[in-house]
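One structure is given here, and the rest of the page talks about it.
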Amino acid sequence: MTTTRERAVIRINNQRAAQYTEMWVIGTPQDLALMFEAANRTGRLVFVSAPIPMGGDDTRFRRYVRLRNQ
């Protein structure tokens, strides 16, 4: 049986999940910059992490992104 507090936390987490999409994106710096600029212009961009190199001979980067659902 869940407590009132646990139900409230579950409800808040579900509301947050409905408001945002969170993902890792991988691409060249130029491709990522275009994508983030477009998301920023539409007002959907909430957060972008610092670029993390993929490693090895791969010249791409990965970044964590949070977008607002509309």
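Any value given below was found using the heavy atoms of this structure, including those in side chains, with hydrogens, waters and symmetry copies removed. The chain is numbered in sequence order, starting from 1.
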Original post:
Once you round to the nearest 0.5 Å, how far does CG of Leu67 lie from OG1 of Thr21?
Top reply: 6.5 Å
Original post:
Is a side-chain N or O of Arg68 found less than 3.5 angstrom from the main chain of Tyr20, in a donor-acceptor match?
Top reply: no
**OP:** Kindly write out the residues that satisfy side chain to side chain donor-acceptor pair (under 3.5 Å) with Asp58, not counting sequence neighbours, or none if the list is empty.
**Re:** Arg60
Original post:
Can you name the residues that form a side chain to side chain donor-acceptor pair (under 3.5 Å) with Glu22, not counting sequence neighbours?
Top reply: Tyr64, Arg66
Original post:
Is there a chain of hydrophobic side chains (I, L, V, M, F, W, Y, each step under 4.5 Å between heavy atoms) that links Leu32 to Met23?
Top reply: yes
**OP:** Please answer: with hydrophobic residues joined when any side-chain heavy atoms are less than 4.5 Å apart, are Trp24 and Phe47 in the same cluster?
**Re:** yes
Subject >> CD1 on Ile52 to CZ on Phe61, rounded to 0.5 Å >> reply: 10.5 Å
Subject >> Donor-acceptor contact present, side-chain Arg63 to main-chain Val25, <3.5 Å >> reply: no
**OP:** Answer with yes or no whether the hydrophobic clustering places Val46 together with Val65; edges join I, L, V, M, F, W, Y residues whose side-chain heavy atoms lie under 4.5 Å apart.
**Re:** no
